[in-house]
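FYI, side chains are in, hydrogens and waters are out, and symmetry mates aren't considered; it's all heavy atoms of this structure.
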Amino acid sequence: MPVGFIGLGVMGQPMALNLARAGTDLVVWNRTPSRCASLRAAGAEVADHPAEVFARADVVFLMLADEGAVDAVLGRGTPRFAALVAGRTVVHMGTTSPEYSGSLQDDIRAAGGRYAEAPVSGSRVPAEQGELVAMLAGDEEAVAAVRPLLAPMCRQTFDCGPVPNALLLKLTVNLFLITQVTGLAEAFHFAGRHGLDQRLLREVLDASPMASSVSRMKTPKLLSRDFAVQAAAADVLNNNRLIAEAARKAGAASPLLDVCHTLFGETVARGHGHEDMVAVLRALEARTDGEEPAPGGIRGRRPGRATPAHADGPAT
């Protein structure tokens with residue numbers, strides 16, 4: 001049977017393209033039909049409705065923006081939910097709360113389906129290159145069906161045990177990513193305000209032990225003030241919220257994350273949620289210039305209390 005892929009946003013579209021180009025018999029659907037054009041050109045079949053994907057595919061990947069989008073596509077809570085998922089393996093690749101993933105697994109199992117988590121680490125460029133890193137969790141049968149299908153999209157896959165361990169590990173990785181990129185942006189801001197040559201800073205960082213694929217991807221963007229999206233600030237804010245909630249439930253302190261949560265909240269509130277996460281630089285500049293947070297900003301709120309941003313995400 002063909003493989004299904006639903007959600008062709010910033011990440012989903014290049015991921016699905018890599019599947020199609022690898023020769024996978026693919027049927028896709030996206031809320032915005034124009035995002036399907038490149039998949040059709042690559043040989044994938046474009047469905048008119050999610051139900052058509054489930055009717056034709058044994059394994060269906062979901063790369064959707066949030067929990068609401070997943071529930072809407074699956075018809076969760078309606079009679080059509082069981083009709084869609086029964087006998088199918090549903091692969092949740094987006095980033096949601098671990099609790100949501102666990103409850104989704106329970107519902108899919110009860111309806112006669114199988115379930116796996118496969119969140120990925122990486123942004124748009126690694127997605128285009130098939131260089132993502134996958135974290136895979138679920139029952140043995142579901143994991144065995146999904147693992148080989150990840151190869152065209154991911155350079156490495158790690159088995160994480162039962163659900164929701166893959167999502168918990170993804171949140172852990174994202175905690176490091178968020179604090180790392182925020183620190184990098186602050187370093188460029190610090191250098192700029194001291195009149196240093198930021199090109200020299202880039203060269204020093206590239207030659208230093210701190211260099212990484214992330215720093216080498218983000219320093220050119222900071223240097224040229226290129227805010228074209230690779231990982232949107234609004235999505236980072238939502239990830240930050242999920243991590244903060246998980247930290248509180250575990251009783252874990254997260255002071256660095258809390259600062260980043262506030263800064264990304266201010267970035268989004270200033271209208272930069274659609275830009276790349278390096279746009280957190282704009283919040284740092286605004287603070288330095290003594291500007292007040294934009295209306296709707298979250299300075300002073302407890303982490304995790306902000307309303308999640310609904311910007312263009314994986315399901316656009």
Main-chain N/O of [Y] paired with [X] side-chain donor or acceptor, under 3.5 Å:
X	Y	answer
D139	E141	no
N30	T32	yes
N165	G161	no
S215	A211	no
T172	L168	yes
R35	L8	yes
T24	A20	no
D58	M1	no
T78	G75	yes
E52	D48	yes

If you count every heavy atom of other residues, nucleotides or ligands that lies below 6.0 Å from [X] atom [atom1], does the total exceed 12?
X	atom1	answer
E99	CD	yes
Q198	CD	yes
R216	CZ	yes

TODO: Verify the distance criterion only: is there a donor paired with an acceptor across the side chains of Q230 and K218 at less than 3.5 Å?
DONE: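 Note: Q230 and K218 side chains meet the donor-acceptor criterion.
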
TODO: Compute whether any side-chain donor of one residue and acceptor of the other, for N18 and R21, lie under 3.5 angstrom apart.
DONE: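 On atom types as modelled, these side chains do not qualify, holding no pair under 3.5 Å.
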
Transitively linked via ILVMFWY side-chain contacts under 4.5 Å: [X] with [Y]?
X	Y	result
L223	V204	no
V259	F188	yes
F81	I6	yes
V133	M15	no
L169	L104	no

Would you give the length of the straight line joining atom [atom1] of [X] to atom [atom2] of [Y], rounded to the nearest 0.5 angstrom?
X	Y	atom1	atom2	value
T96	L167	OG1	CG	5.0 Å
L177	L171	CG	CG	12.0 Å
D235	N240	CG	CG	12.5 Å
F190	L196	CZ	CG	7.5 Å
L256	T179	CG	OG1	6.0 Å
S103	D71	OG	CG	8.0 Å

[X] versus [Y]: any side-chain heavy-atom pair under 4.5 Å?
X	Y	result
N174	I243	yes
V236	I178	yes
M217	P126	yes
Y115	V163	yes
M135	V120	no
M153	E131	no
L205	L201	yes
L184	L222	yes

Task: L242/Y100 under side-chain contact (heavy atoms from CB on, under 4.5 Å): CA gap, chis, key distance, verdict - done: CA-CA 11 Å; L242 292 171; Y100 171 83; over 6 Å; no

Between the side chains of [Y] and [X], is the shortest nitrogen-to-carboxylate-oxygen separation below 4.0 Å, so that they form an ion pair?
X	Y	value
E117	K170	no
R124	E128	yes
K249	E245	no
D197	R202	no
E285	R225	yes
R76	D107	yes

For the residue pair [X] and [Y], what are the closest heavy atoms and their distance?
X	Y	value
V59	V91	CG1-CG2, 3.8 Å
L263	A283	O-CB, 3.6 Å
G265	L237	N-CD1, 3.7 Å
A44	V28	CB-CG1, 4.3 Å
A142	R114	CB-CB, 4.2 Å
L150	A134	CD1-CB, 4.0 Å

Task: Parallel, tilted or perpendicular: rings of W29 and H49 (30°, 60°) - done: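 Geometry flag for W29 against H49: tilted rings.
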
Task: V146/T89 under side-chain contact (heavy atoms from CB on, under 4.5 Å): CA gap, chis, key distance, verdict - done: CA-CA 8 Å; V146 172; T89 298; 4.0 Å; yes

TODO: Taking the six-membered ring of F227 (Phe, Tyr or Trp), confirm whether the NZ or CZ of R282 is under 6.0 Å from its centre and within 45° of its axis.
DONE: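 Yes, R282 lies over the aromatic ring of F227.
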
Task: From CA spacing to verdict: side-chain contact (heavy atoms from CB on, under 4.5 Å), M277, S123 - done: CA-CA 11 Å; M277 66 186 299; S123 57; over 6 Å; no

- [ ] Output, in order, the C-alpha distance, side-chain angles, deciding distance and verdict of side-chain contact (heavy atoms from CB on, under 4.5 Å) for L136 and C160.
- [x] CA-CA 6 Å; L136 183 58; C160 301; 5.9 Å; no

TODO: Quickly, which of H189, H272, E275 forms a side-chain contact (heavy atoms from CB on, under 4.5 Å) with L281? Name it, please.
DONE: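 The option that passes is H189.
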
